[in-house]
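Report on one structure; see the data block that follows.
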Amino acid sequence: MERAVEAWKANGSFSFVWTIGWERASDSREATAARERPFHEGSMIQQDAPKQTSRTIEGPTPVTMLVERARSGDRAAFDELIGIFHEDIFRMVYYRTRSEMDAEDLTQDIFLQVLRHLPKLKDVERFRPWLFSIAVNRVRDYGRKKRLMTLFGLLGSGTRDEDEQEPEDMGVDESPGALDQLLEQEFWERLQELSKVFSQLEREVFFLRFLDNLSIKEIAQALSKSESAIKTHLYRALKKFKDNSDLIQLLRGEET
Amino acid sequence: MTEQKIHHLSDDHLLRSVIAETELTVEMRTHLSSCPRCLQARRRIEQDLGQIGKFAKRYAPKPRRRPLAQAAINQQPRLFLRRWAFSPLIAAAATVMIITGSVVVDKVRDQRLQTTLYEEMLEDEAFMTEISNLEENALPRFYVDISNGSVDPDSEEGTEEDAGRKPPKGDAVS
């Protein structure tokens with residue numbers, strides 16, 4: 001606004017209007033870009049840039065180039081793709097299964113399927129949503145089988161492994177590690193409570209957007225739905241999230 | 001500047017703006033860009049949502065093994081059996097073992113039965129032979145010897161065989 005006023009003083013009303021319009025357009029562009037960017041730090045890769053979290057890659061190697069090479073049978077390129085997406089897919093599976101062991105196995109299965117079906121991928125630009133769609137379907141199949149096994153009494157009813165028991169209540173321990181453990185436990189419990197009030201699609205959309213950091217467009221491609229459908233479900237999920245004061249208080253660090 | 005009635009964005013509109021600004025009308029977008037209160041409210045929501053991702057990433061474990069080691073990529077991938085997949089396999093193996101075991105046990109039992117039957121047949125045959133002999137020679141041996149003339153009927157001493165002779169088994173046979 002100040003620039004616009006100065007421009008007006010210097011050059012008249014036209015400059016004032018032009019400057020105002022430019023500032024608003026800039027703000028709008030920045031706002032739109034921020035909207036599409038992930039919400040938290042250490043964010044996911046951008047569309048064509050590789051992510052370097054699990055290993056150091058010498059020099060920038062666009063994902064699409066790697067996908068092209070891997071699609072033609074280049075095993076080293078596929079190995080690099082695994083290096084880029086491995087942790088993201090593992091976390092994605094862990095958020096939904098809450099079992100480290102199952103997450104390891106399912107991640108393995110997912111990349112096996114990727115290896116098998118990669119030649120069928122027509123648009124290399126869509127690799128990331130395509131990868132997540134495989135992961136979503138694989139996790140869904142796993143959930144279905146697990147419910148079936150539980151029904152026949154071949155599995156326990158809990159969602160966690162036997163060797164992943166929650167830490168016992170040892171009384172008051174004020175060490176930082178214990179506090180962090182408590183926060184961790186609290187976080188997962190409240191997130192699970194929140195996800196129980198979501199429908200299946202709302203949960204998937206919410207997790208993909210705010211935990212896995214996919215854009216609306218990528219989510220729509222991954223779930224084979226329209227963007228407007230994704231936005232509708234996301235809106236409903238956000239309404240339910242806003243009503244979940246326990247989780248919000250935890251996220252803000254407020255005492256309950 | 002005249003004081004205008006300020007219509008701040010509702011919670012619903014703020015949520016829609018978090019999803020995508022294009023969900024709002026032009027007027028709402030204009031208001032949002034210039035209203036500190038609405039901007040602050042939207043930032044609050046975005047911060048909360050951002051925190052979920054941060055917390056989740058922070059508390060999620062790191063993967064221990066890398067999927068598809070280079071050697072495995074060159075091989076035909078095998079299905080990785082999960083713990084729960086073993087239960088039906090164990091049940092199937094147990095069923096096969098039970099069926100096989102029952103067949104073997106039946107065979108052994110049949111053989112023993114046959115042996116027993118065979119022994120009983122031999123006993124029956126011996127018994128029938130004795131009956132046949134008795135039918136042919138109904139008199140005790142002593143009297144047969146007398147009739148043959150090999151024994152003096154007036155003698156008071158019987159043969160040792162007669163002394164220890166037990167009544168024929170044929171008594172029980174009708």
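Values below: all heavy atoms of this structure, side chains included; hydrogens, waters and symmetry mates excluded. Treat the numbers as computed from the prediction; the structure is a model and nothing was measured. Just so it is clear: chains get the letters A, B, ... in the order the sequence lines come, proteins before strands, and each one is counted from 1.
- Phe187(A) touches chain B through its side chain: at least one heavy atom from C-beta onward sits under 4.5 Å away, while N, CA, C and O do not.
- In this structure Glu23(B) satisfies the salt bridge (charged side-chain N to carboxylate O under 4.0 Å, His left out) test together with Lys231(A), Arg16(B), sequence neighbours excluded.
- Going from atom NE2 of His233(A) over to atom CD of Glu202(A) covers 6.0 Å, rounded to the nearest 0.5 Å.
- If you measure heavy-atom distances from Phe207(A) to chain B, you find no contacts under 4.5 Å at all.
- Using a 4.5 Å cut-off between heavy atoms, Asp12(B) contacts chain A through both its backbone and its side chain.
- Tyr142(A) and Asp105(A) form no side-chain donor-acceptor contact under 3.5 Å, judged by distance and modelled atom types alone.
- Of the two parts of Phe111(A), the backbone and the side chain both hold a non-hydrogen atom closer than 4.5 Å to a non-hydrogen atom of chain B.
- Residue Arg64(B) touches chain A through both its backbone and its side chain, counting heavy-atom pairs closer than 4.5 Å.
- Ion pair Arg138(A)/Asp109(A) flagged as a salt bridge, since at least one NZ, NE, NH1 or NH2 atom sits closer than 4.0 Å to an Asp/Glu carboxylate oxygen.
- The aromatic rings of Phe198(A) and Phe206(A) sit tilted, their planes meeting at an angle between 30° and 60°.
- In this structure, the portions of Leu183(A) lying under 4.5 Å from any heavy atom of chain B include both its backbone and its side chain.
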